[in-house]
Amino acid sequence: MARYIFVTGGVVSSLGKGLSSASLAYLLKSQGYKVRVRKMDPYLNVDPGTMSPFQHGEVFVTDDGAETDLDLGHYERFTNISAKQSDNITTGKIYSEIIKKEREGGYLGKTVQVIPHVTDRIKKFIKTDIKNEDFVICEIGGTVGDIESLPFLEAIRQFSNEIGRNKTMFIHLTLVPFLKSSDEIKTKPTQHSVKELRSIGIQPDIVICRSQQSIPLDQRKKISLFCNVPIQNVIETVDVKTIYEAPISFYNEKLDKQVLRYFKLKSKKKVNLTNWRKITKTVLNTKRTVNIAIIGKYVNLKDAYKSLDEALIHGGIKNNVKVNLIRIESDKIKKNQISKIFKNVSGLLIPGGFGKRGTDGKIAAINYARKNKIPFLGICFGMQMAMVEFAKNVLKIKNAGSTELTKNVFPIIALINEWNKNGKLIKGTNKNLGGTMRLGSYEAKLRHNSLIQKIYKSKSVFERHRHRYEVNNRLKDKFEKKGLIFSGMSPDDQLPEIVELNNHPWFIGVQFHPEFKSRPLSPHPLFCSFIKAAKLN
Ligand code: GLN
């Protein structure tokens with residue numbers, strides 16, 4: 001039977017609960033155990049799909065087509081276990097299901113309440129789709145003390161009571177600040193946060209203390225005493241220089257060992273951290289840099305392109321270069337400044353995006369990269385804009401455009417309402433915006449002898465999608481005659497998935513998001529090849 005580890009956070013948000021959960025999952029997996037990692041988000045959106053990246057950072061897409069919290073990206077990158085729809089739930093989703101059931105008469109006669117109906121649904125989520133996993137690590141979003149997370153905390157308290165304390169563990173991550181003026185490390189916020197947790201019936205088994213510097217024994221003892229946890233279970237996590245150090249640092253602090261000891265389990269395999277050490281060293285010591293310009297709408301928000309930033313770093317590690325991201329806000333680009341922007345840039349990346357704002361700048365930049373033979377990678381919206389640029393300037397279709405942005409255009413990019421998935425017709429809609437795009441993993445057949453086939457070294461690939469609009473396939477011959485090749489197609493030949501430019505060192509557009517499948521220990525071939533081309537430029 002699975003053991004359940006619940007990870008909560010206290011004092012402040014953004015302490016790295018996701019990274020801690022992902023690192024622990026990696027270490028337990030390396031000890032020979034089967035692990036799943038899931039996330040419960042206390043907000044009222046059904047999923048983060050309709051939220052602006054300014055609000056929530058990136059929306060991470062799973063193979064099975066769920067739009068999820070970006071922490072699931074951390075989990076996947078660290079554990080190499082593909083997350084599923086069943087690994088992320090929100091308050092919004094729970095309530096919408098319960099209210100639907102209530103309207104259908106599913107609770108006839110009863111008053112529908114937070115306890116037991118909401119808490120029961122949360123408990124069901126925790127166990128859903130768990131088969132032979134040894135550990136289920138379940139992160140609870142938000143901070144202890146928030147009104148919103150209360151039903152989740154109550155549910156995990158009940159859950160542990162039901163399945164037994166020996167099958168559940170509570171890990172609480174807090175901040176242990178350092179006060180410069182008094183030159184002291186302060187444990188009080190941690191004490192208060194644990195007190196808050198205990199007041200709702202949850203006694204943490206491990207307290208992870210995020211700190212700027214190592215926590216001396218005296219302070220650890222204090223945390224142990226006031227928080228009622230054994231001293232070995234006060235684990236510090238000192239700020240790391242790169243996130244790839246996190247599994248190493250948690251291993252040194254014996255987090256995994258303490259977890260196994262708690263559950264009275266033995267390690268089945270010796271943990272080997274050589275690869276993490278190797279990439280940490282590369283990230284910290286590589287001198288040579290490659291400048292990549294990213295032109296998008298949300299470039300100023302750190303987490304808006306999380307997987308993309310990561311994938312580019314992975315590509316850099318593979319090529320022994322540091323990738324320096326030059327983030328440019330698309331609506332700030334003036335046409336006459338383009339050459340200035342590209343002065344020190346070795347590659348251009350236009351990421352996924354929605355809506356009209358900033359598209360002129362993107363198109364002007366793609367035009368420059370195409371003409372000046374600068375390596376270019378267009379992802380989803382980035383590919384769509386590359387097609388529009390080419391149609392306007394090479395095919396001379398003056399009013400070429402995307403119907404997402406302007407109604408009266410010659411549709412190079414347009415809405416399609418139906419597509420094929422494994423022989424089944426899927427219907428899309430743009431009336432209801434949540435969860436109705438072409439989402440998740442789809443196959444693309446790669447053209448023989450194309451650049452993309454050389455990169456993937458394969459005849460077909462599966463990549464994750466998240467878009468509503470598609471390239472107009474009827475113009476294929478026209479594009480190809482002028483050198484823009486449709487080198488990846490959906491298996492039924494209806495949907496262009498990848499385009500590449502002949503007579504250009506590296507110009508590729510992909511309708512999917514390859515960044516979701518890149519891992520630090522197995523970087524995505526497309527990003528490796530893109531960075532290699534930029535390095536040569
Ligand atoms: N807005 C575009 C579409 O819906 C592209 C989406 C994206 O880049 N993810 O098709």
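For clarity, every value in this text was computed on a predicted model and none was experimentally measured. Note that ligands are numbered from 1 as they come in the structure, with each ligand's atoms numbered from 1 the same way.
- Residues passing the side chain to side chain contact (heavy atoms under 4.5 Å, CB included) test with A364 are K335, I338, sequence neighbours excluded.
- Contact shell of ligand 1 (protein heavy atoms, cutoff 4.0 Å): G352, G353, F354, C380, F381, Q384, E404, R466, H467, R468, Y469, H513.
- The side-chain tip of R438 points at the ring of Y442 from less than 6.0 angstrom away and within 45° of straight on.
- Legend: residues meeting salt bridge (Lys or Arg N to Asp or Glu O under 4.0 Å) with D239, ordered by chain and number and at least two apart, are R210.
- Taking the ring centre of F125 as origin, the terminal cationic atom of R38 falls inside the region bounded by 6.0 Å and 45° from the ring axis.
- No hydrogens or angles considered: nothing links the side chains of E515 and H314 as a donor-acceptor pair under 3.5 Å.
- By the salt bridge (Lys or Arg N to Asp or Glu O under 4.0 Å) test, E97 is found to be paired with R121, residues two or more places apart in sequence or in another chain being considered.
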